[in-house]
Amino acid sequence: MHVKMEGMTSPNIPPAALRVPGTKPQVRPATEGWEQAKEPDGRPLLQFKSPRVSQPPEHLADLTLAERQEKLKSLGLPAFRAKQLSVHYFQHYTTDPEKMSDLPKERRDELVKEMFPTLLTEVKRLTTDRGDTIKFLWRLFDGSLVESVLMRYPGRITLCVSSQCGCGMNCPFCATGQAGLTRNMSAAEILDQIVQANRVIAEGGLGGKRRDGGHDAERVTNIVFMGMGEPLANYKRVMNAVHRMAAEAPEGLGMSARNITVSTVGLVPAIKKLAEENIPVTFALSLHAPDDELRDELIPVNSRWKVDEALDAAYNYYRVTGRRVSIEYALIKDMNDHAWRAALLAKKLNSRGRGWVHVNPIPLNPTPGSIWTSPEPEVIQEFIDTLLDAGIPTTVRDTRGKEIDGACGQLAAAD
């Protein structure tokens with residue numbers, strides 16, 4: 001975790017129907033070093049709507065190409081200038097008026113001010129020793145802080161983007177949720193994380209290149225909405241950003257929708273809506289427990305939509321789109337890493353069919369002395385083998401950036 005926390009544990013026994021002789025200890029989720037916000041009835045507070053706060057100024061990336069053309073006409077300029085500005089931003093990754101020689105010199109500063117208000121200002125950049133992972137800390141127009149993580153892999157570059165300032169899902173193991181939700185990010189704020197990352201790559205700022213003569217990507221190829229925030233709680237702006245990512249240049253970034261992963265802790269109505277969007281993104285459900293008894297505590301939104309409801313919605317996404325679903329499962333020592341839980345997960349997935357799902361176990365980033373830590377290697381292997389033996393495709397997630405607090409669950413945007 002990003003914040004060192006003092007642990008406390010309490011024993012518990014799995015439900016009788018699932019009890020296994022000689023089973024591992026059961027640790028219950030508990031916040032360490034911070035107090036979880038609660039409803040008057042004692043349940044964890046959930047924030048589905050953004051507080052009424054000031055929103056960032058409108059940016060070119062918030063608009064479709066047609067909307068950009070209309071805005072430029074309102075400024076007394078011909079519509080074709082919209083395409084020129086879009087090329088500068090989405091293909092050249094610049095908002096510097098000095099680099100826009102194809103625009104009228106006397107109006108460049110005005111156009112940049114109108115179309116490219118400053119959205120993200122880099123505060124800090126942390127890079128791993130190999131140089132293949134960078135965590136960016138950004139300050140937004142209102143002083144809010146968010147983070148994104150850029151990772152080079154053989155043949156591809158992935159950017160983990162934030163979609164909200166903070167998060168309202170209040171999961172006790174996630175550093176991002178400790179401060180609650182400040183506000184939703186705009187579509188342009190989401191997209192600007194990619195454009196600025198592409199600029200860093202173009203300038204040679206991302207190391208870790210291949211030495212075997214293989215292909216190195218020259219820009220961000222993959223997006224994962226696994227940074228700060230619950231993407232589906234900011235549905236409209238996230239989907240506007242996704243459509244802009246997939247739109248052909250110069251309207252957008254010209255990325256493959258299949259390389260964009262949208263994740264959620266289980267907002268069932270929004271999952272159903274996503275299935276009808278007619279854009280083939282990869283969908284990931286952050287499950288982390290197959291039983292409601294544990295998931296109610298681990299993922300507070302489970303009090304609204306239970307495990308089976310979330311899995312039904314995920315299966316529906318596959319049925320409607322034909323796109324295989326990912327199940328994200330953070331393995332936490334003595335909490336959710338039991339073999340009987342792997343067996344239960346496999347049973348629930350297989351009961352809905354075969355070939356529709358893939359499980360990504362993620363050994364939690366260890367914090368000495370905390371209940372939120374990774375299981376022993378042999379426990380991880382037993383969990384994986386149980387899923388594989390049941391015919392569930394399973395791949396351990398390759399997490400990056402642990403030493404710069406840039407891995408899963410570690411984004412806390414501390415200045």
(message) Minimum heavy-atom separation for Asn350 and Ala390, please, with both atom names.
(response) ND2-O, 2.9 Å
(message) Among Asn234, Val262, Val281, which residue satisfies the side-chain contact (heavy atoms from CB on, under 4.5 Å) criterion with Phe225?
(response) Val262
(request) Write down the atom of Gln196, the atom of Leu120, and the distance for their closest heavy-atom approach. (result) NE2-O, 2.9 Å
Donor-acceptor pairs are to be reported for all side-chain atoms of residues 36-44 against protein atoms at under 3.5 Å, with residues two or more places apart or in another chain.
from  : atom 1 : to     : atom 2 : distance (Å)
Gln36 : NE2    : Asn170 : O      : 2.8
Asp41 : OD1    : Arg43  : N      : 3.0
Asp41 : OD2    : Arg43  : NE     : 2.9
Asp41 : OD2    : Arg43  : NH2    : 3.4

(message) Please tell me whether Asp96 and Thr94 have a donor and an acceptor in their side chains that are separated by less than 3.5 angstrom.
(response) no
(request) Hey, could you give me the CG/CE distance between Asp132 and Met151, rounded to the nearest 0.5 Å? (result) 10.0 Å
Please set out all donor-acceptor pairs under 3.5 angstrom arising from side-chain atoms of residues 267-280, sequence neighbours excluded.
from   : atom 1 : to     : atom 2 : distance (Å)
Glu277 : OE1    : His243 : NE2    : 3.4
Glu277 : OE2    : Tyr235 : OH     : 2.8

(message) Is there a side-chain contact between Thr64 and Arg244 in this structure, where contact means two heavy atoms from C-beta onward sitting under 4.5 Å apart?
(response) yes
(message) Working to the nearest 0.5 angstrom, can you tell me the gap between Met245 CE and Ile260 CD1?
(response) 5.5 Å
(request) Can you see which heavy atom on Asp291 is nearest to which on Val307, and at what distance? (result) C-CG2, 4.1 Å
(request) May I ask you to test the Ile223-Val161 pair for a side-chain heavy-atom distance under 4.5 Å? (result) yes
(request) Please examine the side chains of Leu364 and Met335, heavy atoms only from C-beta on, and report whether any two atoms are closer than 4.5 Å. (result) no
(message) Tell me if a side-chain donor or acceptor on Thr31 pairs with a main-chain N or O of Pro172 at a distance below 3.5 Å.
(response) no
(message) Nearest 0.5 Å, please: how far is CG in Leu150 from CG in Leu206?
(response) 4.5 Å
(message) Here's a test for you: under side-chain contact (heavy atoms from CB on, under 4.5 Å), which of Val265, Leu345, Leu298 qualifies with Leu287?
(response) Leu345
(request) Ignoring hydrogens and angles, tell me if any N or O in the side chain of His338 forms a donor-acceptor pair with the backbone of Pro25 under 3.5 Å. (result) yes
(message) Main chain of Leu253, side chain of Arg219: is a donor-acceptor contact present, judged purely on distance under 3.5 Å?
(response) yes
(request) Decide whether Ser370 and Glu32 meet the rule of one side-chain donor and one side-chain acceptor closer than 3.5 Å. (result) yes
(request) Check the side chains of Asn240 and Asp62 for a donor-acceptor pair under 3.5 angstrom, ignoring hydrogens and angles. (result) no
(request) Quick one: pull up CG in Asn302 and CD in Glu297 and give me the separation to the nearest 0.5 Å. (result) 10.5 Å
(message) Please check if the number of heavy atoms outside Lys83 that lie under 6.0 Å from its NZ is greater than 12.
(response) no
(message) To check you understand the geometry: which heavy-atom pair defines the closest contact between Ala284 and Thr261, and what is its length?
(response) CB-CG2, 3.9 Å
(message) Could you check whether Asp312 pairs with Arg352 (Lys NZ or Arg NE/NH1/NH2 to Asp/Glu carboxylate O, under 4.0 Å)?
(response) yes
(message) Return the OG1 to CD1 distance between Thr395 and Ile362, rounded to the nearest 0.5 Å.
(response) 11.5 Å
(request) Flag the pair Glu189 and Arg183 as a salt bridge only when some basic side-chain nitrogen lies within less than 4.0 angstrom of an acidic carboxylate oxygen. (result) yes
(message) Just verifying a value: how many Å separate Cys165 SG and Leu145 CG, rounded to the nearest 0.5 Å?
(response) 8.5 Å
(message) With a 4.5 Å cut-off on side-chain heavy atoms, are Ser148 and Leu159 touching?
(response) yes
(request) Flag the pair Pro29 / Leu294 as yes when at least one side-chain heavy-atom distance between them is below 4.5 Å, and no otherwise. (result) yes
(message) Could you go through Tyr89 and Asp192, starting from their C-alpha distance and side-chain angles, then the distance that decides it, and tell me whether this counts as side-chain contact (heavy atoms from CB on, under 4.5 Å)?
(response) CA-CA 9 Å; Tyr89 184 69; Asp192 204 44; 2.6 Å; yes
(request) Please confirm whether the backbone N or O of His288 pairs with a side-chain atom of Asn336, one donor and one acceptor, at under 3.5 Å? (result) yes
(message) Looking only at the side chains, is there a donor atom on one of Arg323 and Thr282 sitting less than 3.5 Å from an acceptor on the other?
(response) yes
(message) Does Glu230 form a side-chain contact (heavy atoms from CB on, under 4.5 Å) with Gln164? I'd like the steps, not just the answer.
(response) CA-CA 7 Å; Glu230 163 53 56; Gln164 294 181 309; 3.9 Å; yes
(request) Over 60° means perpendicular and under 30° means parallel, so classify the ring planes of His92 and His88, tilted if in between. (result) perpendicular
(message) So Ile380 and Pro361, do their side chains get closer than 4.5 Å, heavy atoms only?
(response) no
(message) Strictly distance-based, threshold 3.5 Å: is any side-chain N or O of Arg68 a donor or acceptor partner for the main-chain N or O of Ala82?
(response) no
(message) Give me the atom names and distance for the closest heavy-atom approach of Pro363 to Val396.
(response) CD-CG1, 3.8 Å
(request) Mind running side-chain contact (heavy atoms from CB on, under 4.5 Å) on Phe116 and His59 for me, showing each step along the way? (result) CA-CA 5 Å; Phe116 301 118; His59 186 280; 3.7 Å; yes
(message) With a 4.0 Å cut-off on N to O distance, would you call Asp212 and Arg210 a salt bridge?
(response) yes
(message) Parallel, tilted or perpendicular, judged at 30° and 60°: which one describes the rings of Trp305 and Phe48?
(response) perpendicular
(message) Check whether Arg341 reaches the backbone of Pro290 with its side chain - one donor and one acceptor, N or O, closer than 3.5 Å.
(response) no
(request) Determine yes or no for a side-chain-to-main-chain donor-acceptor pair under 3.5 angstrom, with Arg152 supplying the side chain and Ala217 the backbone. (result) yes
(request) Answer yes or no: is there a side-chain heavy-atom contact under 4.5 Å between Tyr153 and Asn222? (result) no
(message) Pair Val242, Met239 - check side-chain contact (heavy atoms from CB on, under 4.5 Å), show working.
(response) CA-CA 5 Å; Val242 167; Met239 291 314 303; 4.2 Å; yes
(request) Please report the closest heavy-atom contact between Ala241 and Ile190, naming both atoms and the distance. (result) CB-CG2, 3.9 Å
(message) So does Ser162 get a backbone contact from the side chain of Gln193, meaning a donor-acceptor N/O pair under 3.5 Å?
(response) yes
(message) Could you check whether any side-chain N or O of Arg156 sits under 3.5 Å from a backbone N or O of Thr221, counting only pairs where one atom can act as donor and the other as acceptor?
(response) no
(message) Parallel, tilted or perpendicular, judged at 30° and 60°: which one describes the rings of Tyr315 and Trp356?
(response) perpendicular
(message) Do Thr394 and Phe383 have side chains that approach each other closer than 4.5 Å (heavy atoms only, starting at C-beta)?
(response) no
(message) Please determine whether the number of non-hydrogen atoms from other residues, nucleotides or ligands lying under 6.0 Å from atom CD of Glu218 exceeds 12.
(response) no
(message) Using a 3.5 Å distance criterion without hydrogens, assess whether the side chain of Glu114 forms a donor-acceptor pair with backbone atoms of Leu111.
(response) no
